[in-house]
Amino acid sequence: MHALSRGTTSTPVTIAVPPSLSLPVIEEEFPRQLHPYWPKCQEKTRAWLLEKRLMPADKVEEYADGLCYTDLMAGYYIGASDEVMQAIADYSAWFFVWDDRHDRDIVHGRPVAWRRLRDRLHAALDSPGEHLHHEDPLVAGFADGVLRLYAFLGQTWNLRFARHFHAVIDAYDREFHNRTRGIVPTVEEYLQLRRLTFAHWIWTDLLEPTAGCELPDAVRKHPAYRRAALLSQEFAAWYNDLCSLPKEIAGDEVHNLGISLITHEGLTLEQAVVEVRRRVEKSITDFLDVEQEALRFADDLADGSVRGKELSAAVRACLGNMRNWFSSVYWFHHESGRYMVDSWDDRSTPPYVNNEAAGEK
């Protein structure tokens, strides 16, 4: 079907959404927003990618805007200060470049390069200031991004973010192991690992600097708040699997919910697509249910105290952006060149990646 999307311009454009990927409930009940800082953010992230040498200049020129990395973040973290928005957008762009390096290290059989990068990222996460001028641009860019994110809230938030991202790095290492050995995880194994490789808790953590308020554990771990956060991320991960299944089958991938269903549950490709879509749709309806409970929790926090009012407003802001994640992720998958596999010369080789073993020279 066709649907109106605001895309990367100030006027709506018509985007063709294939029927198998169309979600009318998203188009009708999750209005899309875009941070007003977005145009400047896109420009600065493009410059940052060049400055940090994270993508070759020709690829930045040809592909950076069309990949829509800043659009994805600008549709999610509404209400962030411009400085927070820029730091998140740059960090997100870095994350996609890292994901591509990880993929190329697997495809080209570079286990030593991957292990070296893995260890360097762990080290940079703990002491980013010491890695700002690292020889590997990916490590230096990561250090820069992390150091900027660490500046917004307190030490406890920084330690939590680091703990969550150490787990993401380790999950990428497990994915490297699985893919290089052709191991398709079971559905349950995959679902657990996917929460880490998709960095569910990282994107959720970043809701707090966006709201300008670090949430105490009692608030973050409240069942309704935590479930709403998880469902927004599960939707994103599973919808990504649905959209990227052709690309990942072409690239001999083993990490995709559809591939796990085919391998371990005996589903055909067509049945797997139906099942992934069912899970995607259920995550939306479940979110709409728990959202109401979480909003009541936010109301309860407003107990008449200044702190209560602050926490209530912050929780409402975070929940609003969890909701924004649905529409931002949805449209990103239909606007970004990252998923336009049919337009690539080689369906297994994205045209925007650098195939060389960066950092190995």
Side-chain angles (χ1 to χ4, degrees), residues 5-10 26 29-45 68-93 95 145 148-154 156-158 160-161 164 199-216 219-220 222 224-233 235-236 287-288 290-302 306-332:
S5 159
R6 196 154 294 280
T8 58
T9 66
S10 58
I26 296 293
E29 296 190 35
F30 291 79
R32 190 179 190 184
Q33 299 188 63
L34 201 60
H35 197 292
Y37 178 67
W38 171 78
K40 178 62 71 174
C41 183
Q42 183 186 54
E43 177 185 322
K44 288 193 171 183
T45 294
C68 300
Y69 297 158
T70 54
D71 307 49
L72 178 63
M73 295 296 112
Y76 183 16
Y77 295 103
I78 305 299
S81 69
D82 292 353
E83 185 182 16
V84 169
M85 184 72 256
Q86 190 64 61
I88 292 175
D90 290 351
Y91 168 77
S92 169
F95 200 114
R148 288 158 65 197
L149 292 174
Y150 281 177
F152 299 122
L153 294 177
T156 53
W157 186 92
N158 295 351
R160 187 208 321 157
F161 181 92
H164 285 163
H200 281 23
W201 302 119
I202 290 295
W203 307 120
T204 302
D205 286 337
L206 290 169
L207 292 169
E208 293 169 58
T210 296
C213 179
E214 181 178 347
L215 298 178
V219 173
R220 288 192 307 109
H222 183 276
Y225 181 89
R226 190 168 177 83
R227 180 148 176 77
L230 179 62
L231 285 166
S232 72
Q233 294 297 324
F235 163 80
F287 175 84
L288 290 171
V290 79
E291 180 186 34
Q292 295 307 308
E293 184 182 346
L295 287 170
R296 287 193 293 272
F297 169 58
D299 288 343
D300 291 342
L301 288 169
V306 172
R307 177 61 169 162
K309 182 179 180 181
E310 178 190 38
L311 287 176
S312 177
V315 168
R316 280 190 163 274
C318 291
L319 289 169
N321 280 331
M322 290 175 199
R323 166 177 270 275
N324 287 333
W325 192 223
F326 285 86
S327 58
S328 194
V329 163
Y330 180 74
W331 291 115
F332 170 69

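FYI, the numbering just counts along the sequence from 1. All values below were derived from every heavy atom in this structure, side-chain atoms included, with hydrogens, water molecules and symmetry-related copies excluded.
With a 4.5 Å cut-off on side-chain heavy atoms, T45 and M73 do not count as touching. Under the 4.5 Å side-chain criterion, counting only non-hydrogen atoms from C-beta, V329 is not in contact with I26. W203 is listed as a side-chain neighbour of S92, based on a closest heavy-atom distance under 4.5 Å. Using a 4.5 Å heavy-atom threshold, the side chains of F287 and L319 count as separate.
Taking OG1 of T204 as the reference point, atom CE of M322 lies at 6.0 Å (rounded to 0.5 Å). A distance of 8.0 Å separates CE in M85 from OG1 in T70, rounded to the nearest 0.5 Å. From Y76, atom OH reaches atom OG of S232 across 5.0 Å, with rounding to the nearest 0.5 Å. The CD atom of Q42 sits 6.0 Å away from atom CG of D71, with the distance rounded to the nearest 0.5 Å. Atom NE2 of H35 and atom OG of S328 lie 12.5 Å apart (nearest 0.5 Å).
Taking all atoms of both residues into account, the shortest heavy-atom contact from V315 to A298 is CG1-CB, 3.8 Å. In this structure, P31 and N324 approach most closely via the heavy-atom pair O-OD1, 4.4 Å.
Applying the ring-ring contact (aromatic ring centres under 6.0 Å, His included) rule to F152 yields no partners; only residues at least two apart in sequence or on another chain are considered. When the side chain to side chain contact (heavy atoms under 4.5 Å, CB included) test is applied to H200, the partners found at least two apart in sequence or on another chain are R195, F198, L230, Q233, E234, A237. Every residue two or more places apart in sequence or in another chain was checked for a ring-ring contact (aromatic ring centres under 6.0 Å, His included) with Y225, and none qualifies. Annotation: side chain to side chain contact (heavy atoms under 4.5 Å, CB included) contacts of A314 (sequence neighbours excluded): A211, C213, L215. For T156, the side chain to side chain donor-acceptor pair (under 3.5 Å) partners at least two apart in sequence or on another chain are E214. Under the rule for a salt bridge (Lys or Arg N to Asp or Glu O under 4.0 Å), the partners of E208 that lie at least two apart in sequence or sit in another chain are R160. Not counting sequence neighbours, the partners of R148 by the salt bridge (Lys or Arg N to Asp or Glu O under 4.0 Å) test are D90, D144. When the side chain to side chain contact (heavy atoms under 4.5 Å, CB included) test is applied to T210, the partners found at least two apart in sequence or on another chain are Y77, A80, V84, I88, N321. Among residues two or more places apart in sequence or in another chain, the side chain to side chain donor-acceptor pair (under 3.5 Å) test is passed with H222 by none. Y150 is linked by a ring-ring contact (aromatic ring centres under 6.0 Å, His included) to nothing, counting only residues two or more places apart in sequence or in another chain.
The residue from L72, L231, L207 that alone fulfils the side chain to side chain contact (heavy atoms under 4.5 Å, CB included) condition with W325 is L72.
Taking the six-membered ring for Trp and thresholds of 30 and 60 degrees, F161 and W157 have nearly parallel ring planes, at less than 30 degrees apart.
Residue pairs meeting the salt bridge (charged side-chain N to carboxylate O under 4.0 Å, His left out) criterion with at least one member in residues 306-325, sequence neighbours excluded: E291-R323, D299-R316, R307-E310. The salt bridge (charged side-chain N to carboxylate O under 4.0 Å, His left out) contacts involving residues 73-88 comprise nothing, where partners must be two or more places apart or lie in separate chains.
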